[in-house]
Engineer: 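Sending over a structure as structure tokens; questions will come in a sec.
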Amino acid sequence: MVWGVDDKTHELTDTLVRLREQRKGNEELESWLRHQLSGNADFEMCSVDIGGKRKTSPDLPEKSSE
């Protein structure tokens, strides 16, 4: 999931979505998602400004091979 990128052309657009500010009921969205996903998934909500256009997405770290 990425906000701030056009679905068809993949060009950078801009988004007003602020994932860190979103809530599901009384709980922060990030915390709510962690509880809904199996294994308490490891991710972080991430926003970056590229050329004055904001892109927002969950950042999933690379899984280490053990």
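In this chain, residues are counted from 1 in sequence order.
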Engineer: Compare every heavy atom of V5 with every heavy atom of L12, then report the nearest pair and how far apart it is.
Structural biologist: CD2-CG2, 3.9 Å
Engineer: Check this for me: D49, atom CG, are more than 12 non-hydrogen atoms of other residues, nucleotides or ligands nearer than 6.0 Å?
Structural biologist: yes
Engineer: Restricting to non-hydrogen atoms, name the atom on T15 and the atom on R54 that form the minimum distance, rounded to 0.1 Å.
Structural biologist: CG2-O, 3.4 Å
Engineer: Kindly indicate, with the supporting measurements, whether the criterion side-chain contact (heavy atoms from CB on, under 4.5 Å) is fulfilled by L33 and M45.
Structural biologist: CA-CA 11 Å; L33 281 172; M45 299 299 190; 3.5 Å; yes
Engineer: Does the pair H35 and E27 meet the rule for a side-chain contact (heavy atoms from CB on, under 4.5 Å), with working shown?
Structural biologist: CA-CA 11 Å; H35 291 103; E27 192 172 7; 3.2 Å; yes
Engineer: Answer yes or no: does atom CD of E28 have more than 12 heavy-atom neighbours from other residues, nucleotides or ligands under 6.0 Å?
Structural biologist: no
Engineer: Looking only at non-hydrogen atoms, find the nearest pair between S47 and T56 and report the distance.
Structural biologist: OG-OG1, 3.1 Å
